[in-house]
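Quick caveat: nothing in here was measured; it's all calculated off a predicted structure. Scope of the values below: all heavy atoms of this structure, side chains included, with no hydrogens, waters or symmetry mates.
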Amino acid sequence: MPPREPARPPGRQVPVRVPARRSAGDVLAGLGALVVLVALVGGVPYALLTFVGPPIAPELLDLGVLTSRVGPSTIVAVLVLLVWLAWFQLFVCVLVEVYAGVRRVGMPARVPLSGGMQVLANKLVSAVLLLFTAGAMVAPVAQLTPTPAAPPVTAVAYSAPIVEQEMETHKTRKVYVVQPPHGRHHESLWEIAEKCLGDGRRYPEIYRLNQAKEQPDGTRLRMADLIRPGWVLDMPDDARNVHIVPAGQSREQTLREHPGRADPGPGRGDRAAERDDRADREERQDREERQERENREERGTPGHEGKHRQIEPGAQDGRQPVIQESQGELTDYLAAASLAAAGLLFVLARRRREQLWRRLSGRRIARPRDDAAQAEVALRLGGDAPGARILDVGLRLLGAELAAQHRTPPTVYGAHLSPRTLDLWIHPPDNDPPAPWTAQDGGQVWRLPAHEGRLLPDRRSPGAGGAAEFGHEQPGGAPYPGLVSIGTDAGGRVLIDLEAAQGLINVRGAQTTAALAALAVELATNRWSDRMRITLVGFGQELTAIAPERIRAVGGLAEVLPELEANAAPRREVLTGRVSGGHSVAHYLLSAVAPTHEEARRLALLARRDTAGYVLAGDVPHATWTLEIGDDGRARIAELGFEVEAQLLPRRHYRALLDLFRTADRLDGEAIPEAEPLVGLHPPAVEIRVLGPLEIAGLRPLEEGRMELAAELLVYLATHPGGVHPAVLGGVSWPRGVQTMVRDATLSRVAEWLGPDHLLTDESGRLRLGPEVRTDWALFRELVRRSHGDPTARAVLLEKALGLVRGPLLAGRPPGRYAWLAAEDLEYDVTAGVADAAHQLCELRLAHGQPDAAVAAVRAALLLAADDEGLWRDLLRATHATEDIVRLRAVVEGLTRRAASHPYGGGMAPETEALIEELLPTWRMHVVRESSA
């Protein structure tokens, strides 16, 4: 077990220790229990030895007692023995309870034939431990009896008033109809349990009663966080505010008699009702937005500042398996989750590369819209790729160096990543870390300076991308795959290692499932893990769309417990195997469904001997760590002394991420919109060049520190010829919020820089650039458009267009800037437009017997659209047409090396491999020879 007080590295803000809370009653009860325990454990045997003797009297050692007449002394000896046995049973119960409470190993073991004796010991030990350790929690033994399994559960929505009739329980049963949403608020199992059963923590009873039962819309309850309006739920016998139906009534008749207003889903149900629901929601939403604007005006704060969280009523202690809604901007959470954002962008870029493999000429890849697009904007704003790399490379190097010294990696129970350092809180303390790590605070902290971390070489195979399941084996391995962010403090990001708890981790609070979803997303996409399996219980089935190689979702703990118990692995063996190149799979279980007492007992015993991490919502006695999520958005782990701004993934953000990745899986593509024709091709007064590194010709340079923002404003205006309102421009350029005075002063400076004729304002107040300001992209599109109408000059015009390309779009742009590109057509149109122009010119040149010119055309486009696999196939065909086998082999070898070392991995498209096989059948032989050399 790690120490309760984590080391506090000097020189930076550290998490705040959460103070223990004990009342005067707790102290008095603890003192009284201590006196009783001492009397029972020590006083009873002292009295027995003093007044009646040892447990076994001489009379009982005489074998003649079995055949002779029993006298009074023999009876007394037997009674004394029974009293000693009763005391010994109590003593064993006390030892078991003390061990379970102090070691926090989970449910205490059952002492055979103890019954009320263990209950008494449990209560006494609980009171004494509370006296000495505020964090100790000992579960009453009376509650250890496993809850009997109930039939499965389901949920439904209903708009009519709830009516309850008084009938005899044995002749009736009770059902509840899930209510329609109110604005953005949807009913949950937690709220139904609170309203009907008096305690939201009883929602698992409803879930088990309805699991897998068919609902009015034809679907079934599979996950505790996925209930729909109109579903009809069977309820426990003591439920209130419900419908009463005959006990023998069939399910089909119950659904007919309680139709509700079901959510029919696409293609089903009453379209008129669906339109009414939509209109009602939109009206509520408009009213909420108007009220929010009025509140902001009263407060005098801009719309982008602050977080506006909406906590669902009834979510009191974190067993709510519904991802909460947020009224705040998507950037409030997604941009703040910097390591998760970096991982998500990495996986997303790989999906986009695979989309480009199958892009059809004349179409761009599908781009995200609405919240999905804004989610990507937020990820680009917040993604900390350098920090993720320091964690990835730094931890792998640490593991490799320890393995070389035949040392077992220490337990890392927490980490702190700041712009200056990466700190690991370890146990036991060790003053001898491998270089470049250094020891701090007596060896309790191992520190890697950020500047050292940035210089560390990545020793993995090129293109590994941080995960073996991405298709690349790696030397050594990731020693701490369970490190995951819980939030941020004043100095940086705080992470915990789920494996280091060596027990259960309990999550409680109003936004439990939002916290679990954030943990799942970061675990599934981080780069400092290799082989990993994440089991989500009662939520997150859709997250398999993000990382199907790592995530699976189940409905209940009973489905996975036997497998977990069968595959448990000792911690020391796993840690040693990871750093020495073993093939162990890290496993983490995140459950939004509260365990039964028997499930909690089995999990607690399993966690003591297994390397896996177990994070559970609900009331989990004897949890090693408890992560409390407060209504204020703060996360606290009292056992470690951590208090941070919690990392959460509320419902709106969760859905936006899912939509983003669904879009990245689409292969149909979208038509490229037609370009507005230019009046002429004469050189403009001001040219903004974006087809490569940003250049602005025709304007004097601004002073240092102002050029980057002014240039970004100019690019945005230039790519929106219809005009942009200053408020929109402010939201794009200052996505985290800006004061109106600052925004207007910056726009005035840009107008002065451009000159009076180049920045115009229309009657509605929109800003737009004058006709003498143009981008090279607009010129590119005009040249391509004219090439389609002039066959004789087509090749010349396409060649001029491709001559404008100097590199990737806005190459070398500063980190954190131009995140708005994720929500615009520009990136998608430029990549597709340049690749299509090169393909057309390549075909023309080959048709006229000019393979060298065809090669030049394709290579020009590859400067910008290097991931478009169609261009590489064009290059292969054009090079083959030169009939220079050496040149063709050089292209194949270069393409092979690029595919193997690509930062996003994935190799090359199957169509490209097939073309190489056709043009150069011996290419694999050369690749094998090169790799072996």
Quiz item: Does the side-chain contact (heavy atoms from CB on, under 4.5 Å) test come out yes or no for Trp437 and Leu398, once each step is laid out?
Solution: CA-CA 8 Å; Trp437 293 82; Leu398 176 64; 3.7 Å; yes

Quiz item: Are any of the side-chain heavy atoms of Val585 and Asp530 separated by less than 4.5 Å?
Solution: no

Quiz prompt | Closest non-hydrogen atom pair between Gly443 and Ile426, with its separation | solution = O-CD1, 3.3 Å

Practice problem: Using modelled atom types only, decide if a donor and an acceptor are shared between the side chain of Asp497 and the backbone of Gly414 within a distance under 3.5 Å. | Solution: no

Quiz item: Any ion pair linking Arg636 and Glu628 (charged N to carboxylate O, less than 4.0 Å)?
Solution: no

Quiz prompt | Side-chain heavy atoms of Val494 within contact of Ile486, under 4.5 Å | solution = yes

Quiz item: Taking it one step at a time, do Thr408 and Leu402 satisfy side-chain contact (heavy atoms from CB on, under 4.5 Å)?
Solution: CA-CA 7 Å; Thr408 300; Leu402 290 172; over 6 Å; no

Self-check item: Criterion side-chain contact (heavy atoms from CB on, under 4.5 Å) on Thr512 and Phe539, from CA distance to verdict
Solution: CA-CA 11 Å; Thr512 297; Phe539 81 109; over 6 Å; no

Quiz item: Can you tell if the side chain of Arg634 reaches within under 4.5 Å of the side chain of Glu645, non-hydrogen atoms only?
Solution: yes

Quiz item: Okay, side chain of Tyr614, backbone of Leu606: is any donor-acceptor separation there less than 3.5 Å?
Solution: no

Exercise. List the atom of Gly394, the atom of Leu456, and the distance in Å for their closest heavy-atom pair.
Key: CA-CD1, 3.9 Å

Quiz prompt | Flag side-chain contact, heavy atom, 4.5 Å: Arg380 against Trp820 | solution = no

Quiz item: When you check the gap from the basic side-chain N to the acidic O, do Asp371 and Arg655 get nearer than 4.0 Å?
Solution: no

Practice problem: Drop me the distance from Asp659's CG to Gln374's CD, to the nearest 0.5 angstrom. | Solution: 13.0 Å

Quiz prompt | Cationic N near anionic O, under 4.0 Å, Arg447 to Asp441 | solution = no

Quiz item: Between Arg493 and Ser338, do the side chains contain an N or O donor and an N or O acceptor separated by less than 3.5 Å?
Solution: yes

Self-check item: Any donor-acceptor N or O pair under 3.5 Å, side chains Thr535, Arg552
Solution: yes

Quiz item: Does Gln541 offer a backbone N or O that forms a donor-acceptor pair with the side chain of Thr544 under 3.5 Å?
Solution: yes

Quiz item: Would you say Trp446's side chain and Asp430's backbone share a donor-acceptor pair under 3.5 angstrom?
Solution: yes

Exercise. Decide yes or no for Ile505 and Val620: does some side-chain heavy atom of the first lie under 4.5 Å from some side-chain heavy atom of the second?
Key: no

Quiz item: Is a side-chain N or O of Asp489 found less than 3.5 angstrom from the main chain of Gly491, in a donor-acceptor match?
Solution: yes

Quiz item: Does the side chain of Arg454 reach to within under 4.5 Å of the side chain of Ile390, using non-hydrogen atoms?
Solution: yes

Self-check item: From CG (Leu657) to CD (Glu376), nearest 0.5 Å
Solution: 10.5 Å

Exercise. State, without any angle test, whether Tyr588 and Glu499 hold a side-chain donor-acceptor pair at a distance under 3.5 Å.
Key: yes

Practice problem: Drop me the distance from Leu344's CG to Leu348's CG, to the nearest 0.5 angstrom. | Solution: 8.0 Å

Self-check item: Audit row: Arg389, Asp384, salt bridge (charged side-chain N to carboxylate O under 4.0 Å, His left out) steps and yes/no
Solution: CA-CA 9 Å; Arg389 184 187 183 278; Asp384 183 12; over 6 Å; no

Quiz item: Just how far is it from atom CG of Leu448 to atom NE2 of His451, taken to the nearest 0.5 Å?
Solution: 9.0 Å

Quiz item: At their closest point, which heavy atom of Pro429 faces which heavy atom of Gly442, and how far apart are they?
Solution: CB-O, 3.6 Å

Quiz item: So which of Leu504, Val484, Leu589, Val507 actually passes side-chain contact (heavy atoms from CB on, under 4.5 Å) with Val615?
Solution: Val507

Quiz item: Can you tell me how far NE2 of His416 sits from CG of Leu495, rounded to the nearest 0.5 angstrom?
Solution: 9.5 Å

Quiz item: Can you check whether Ala415's main-chain N or O pairs, donor with acceptor, with Asp423's side chain at less than 3.5 Å?
Solution: no

Practice problem: Determine whether Leu379 and Leu660 make a side-chain contact, defined as any pair of heavy atoms from C-beta on separated by less than 4.5 Å. | Solution: yes

Quiz item: So which heavy atom on Ala617 is nearest to which on Leu516, and how close?
Solution: CB-CD1, 4.5 Å

Practice problem: Sequence neighbours left out, what passes side-chain hydrogen bond (donor to acceptor under 3.5 Å, both in side chains) with Ser591? Give chain and number order. | Solution: none

Practice problem: Look up atom OG1 in Thr611 and atom CG in Leu498, then write down how far apart they are to the nearest 0.5 Å. | Solution: 12.5 Å

Exercise. Would you check if the side chain of Glu639 reaches a backbone N or O of Thr626 as a donor-acceptor pair within less than 3.5 Å?
Key: yes

Quiz item: Taking it one step at a time, do Ile637 and Tyr413 satisfy side-chain contact (heavy atoms from CB on, under 4.5 Å)?
Solution: CA-CA 12 Å; Ile637 302 182; Tyr413 59 90; over 6 Å; no

Quiz item: Backbone N or O of Ala439 within a donor-acceptor pair of the Asn431 side chain at under 3.5 Å?
Solution: no

Practice problem: State whether the side chain of Ser529 and the backbone N or O of Asn526 hold a donor-acceptor pair below 3.5 Å, judged by distance alone. | Solution: no

Self-check item: Glu542 versus Tyr654, side-chain donor and acceptor atoms under 3.5 Å
Solution: yes

Quiz item: Between Phe346 and Arg527, is there a cation-pi geometry (under 6.0 Å to ring centre, at most 45° from the normal)?
Solution: yes

Quiz item: Is it true that Trp625 and Phe642 have ring centroids separated by less than 6.0 Å?
Solution: no

Practice problem: Can you label the angle between the His653 ring and the Tyr333 ring as parallel, tilted or perpendicular, going by 30° and 60°? | Solution: perpendicular

Exercise. Kindly say whether Thr421 contributes a backbone atom to a donor-acceptor pair with the side chain of Ser418 at under 3.5 angstrom?
Key: yes

Self-check item: Exercise: identify the closest heavy-atom pair between Ala340 and Thr525
Solution: O-OG1, 4.0 Å

Quiz item: Are Leu627 and Asn506 close enough that some pair of their side-chain heavy atoms sits under 4.5 Å apart?
Solution: no

Quiz prompt | Closest approach of Thr624 to Gly503 (non-hydrogen atoms, all atoms of both residues) | solution = OG1-CA, 3.2 Å

